[in-house]
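All heavy atoms count here, side chains included; hydrogens, waters and symmetry mates do not. Throughout, a chain's letter reflects where its sequence line sits, starting with A, and its residues are numbered from 1.
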Number of protein chains: 2
Amino acid sequence: MNKSVNSTQLKKIIREIGVKVTRQRLIILENILTGDEHVTAQAVYESIRHIAPDIGFATVYRFLRTLCDHKVLTEVRMRGLPARYEWAQKKHHDHLSCVRCKCIYEFENEQIEALQIEIAKKFGFKLTEHILELYGVCSKCQIEQNIPKEVSTPLQTSHVAQL
Amino acid sequence: MNKSVNSTQLKKIIREIGVKVTRQRLIILENILTGDEHVTAQAVYESIRHIAPDIGFATVYRFLRTLCDHKVLTEVRMRGLPARYEWAQKKHHDHLSCVRCKCIYEFENEQIEALQIEIAKKFGFKLTEHILELYGVCSKCQIEQNIPKEVSTPLQTSHVAQL
DNA sequence: ATCAAAAGTGAAAGTCATTATCATTTGCAA
DNA sequence: TTGCAAATGATAATGACTTTCACTTTTGAT
């Protein structure tokens, strides 16, 4: 990650969704842009604390919601876990997550997409969204099965693959 | 629904998962067996109240969890909504839900299942589970779009279709 | 630049679904 | 029948948000 962004770009994004440009929004947005993918609201809040300890978590949650409402971000809810946020990409993709180390991979599959549309049509539904989540044990965790499960913060890795 | 069940059958199910047979478990289990599909823990709790007001919701939640752990029930989590429970069926299926009236339909699709396994394999994952949820507007709600959204308890209908 | 209206903010309280605690009760194997 | 692990229910706690509200900031119009 660690892309560099200038505040002009950030301001543009904020203005385009029709809300006011504030210091807190710039900081939050920059953090999301330059930080890890698949972050939780808590993670953003904590990651921002050292640079701007005055920003409340309500503001983080609120802005994250706003960004989702305007399709700048996409909310990813895996299981009952806290929501994670990622940049809304042109290309749709789904997620594959390890139940042990919680790492997340992304994948795309046109065939499945097409089949979903077909199914919705058969039920007379106007499809607005879908969620496809695969859960399993990643290759690394299959090997380390004997090692006790980690207790620390789960590592969030991310990759995209075209299948 | 309204299948009739005798307590011998219920007791058998409870004993088979290796826990004690209690009055509350019999009542909860009968309620799930004879009641609606896709019920929430709250719904079970409330539905039971008039016949056994002494059963606490902790007991309902606990037993529902136990039933899930032993594959008697399956937990279905759509979006951030409360978990719903359904009988674990031999045949796997996925869900299609209306974002407006919250009705749930079930469907099966072998092709998608096969593709999922293939994707997991490509990532070196040992697939343990998957979630495929389609969200949209059902045919009924497409027609009633002009009528203000209902405020009362959403109707839960359920169907299975083989595609 | 100034200024008021509207929008945004932070702290704290509130929700909602679910889980944990713990003193008491109950199922059931011996 | 009895001993005791398992189960229960009341209540408190938790986690992830969301709402409220008094105060602050942005911004478009002047």
### Query
Would you call A:D54 and A:R23 a salt bridge, taking side-chain N to carboxylate O under 4.0 Å as the test?
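Salt bridge between A:D54 and A:R23, a charged N being under 4.0 Å from a carboxylate O: yes.
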#### Entry: Pairing of B:E75 and B:R65 as salt bridge, 4.0 angstrom limit
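Judged by the 4.0 Å cut-off on N to carboxylate O distance, B:E75 and B:R65 do form a salt bridge.
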Nearest-angstrom distance from the residue atom [atom1] of [X] to [atom2] of [N]:
{"X": "A:I27", "N": "C:dG8", "atom1": "CD1", "atom2": "P", "result": "17 Å"}
{"X": "B:I17", "N": "D:dA6", "atom1": "CD1", "atom2": "C1'", "result": "13 Å"}
{"X": "A:R15", "N": "D:dG28", "atom1": "CZ", "atom2": "C1'", "result": "13 Å"}

### Query
Short question: side chain of B:T128, backbone of A:Y135 - any donor-acceptor pair under 3.5 Å?
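At least one qualifying donor-acceptor pair exists.
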### Query
Is there a donor-acceptor pair under 3.5 Å between the side chain of B:D36 and the backbone N or O of B:V39?
no
Phosphate oxygens OP1/OP2 of [N]: is one of them under 4.0 Å from a side-chain N or O of [X]?
{"X": "A:Y61", "N": "D:dT18", "value": "no"}
{"X": "A:R65", "N": "D:dC17", "value": "no"}
{"X": "B:T40", "N": "C:dA17", "value": "no"}
{"X": "B:Q24", "N": "D:dG9", "value": "yes"}
{"X": "B:R77", "N": "C:dT18", "value": "yes"}

### Task
Take B:H92 and B:E110 through the test side chain to side chain donor-acceptor pair (under 3.5 Å) and record every step on the way to the result.
CA-CA 9 Å; B:H92 169 82; B:E110 307 243 327; over 6 Å; no
Please pick, from [options], the nucleotide with the shortest atom-to-atom distance to any side-chain atom of [X].
{"X": "A:A58", "options": "D:dT19, C:dT18, D:dT8", "value": "D:dT19"}
{"X": "B:Q42", "options": "D:dG9, C:dT18, C:dG8", "value": "C:dT18"}
{"X": "B:R25", "options": "D:dG9, D:dA12, D:dT8", "value": "D:dT8"}

### Query
Does B:R62 get its side chain close enough to the base of D:dG9, under 3.5 Å, for a donor-acceptor pair?
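Yes.
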### Task
Have a look at B:A83 and say if it touches a base, only the backbone sugar-phosphate, or nothing, with a 4.0 Å heavy-atom cut-off.
sugar-phosphate
### Query
Taking for each residue the nucleotide of DNA chain D bearing the nearest heavy atom, is the 5' side occupied by A:E75 or by A:K20?
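Looking at DNA chain D, the more 5' nearest nucleotide goes with A:E75.
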### Query
If you find the nucleotide of DNA chain C closest to B:T22 and the one closest to B:L81, which residue's nucleotide is nearer the 5' end?
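Comparing both residues, the 5'-ward one is B:L81.
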#### Entry: Closest-nucleotide 5' rank along DNA chain C - winner of A:R23 and B:V21
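On the 5' side of the pair lies A:R23.
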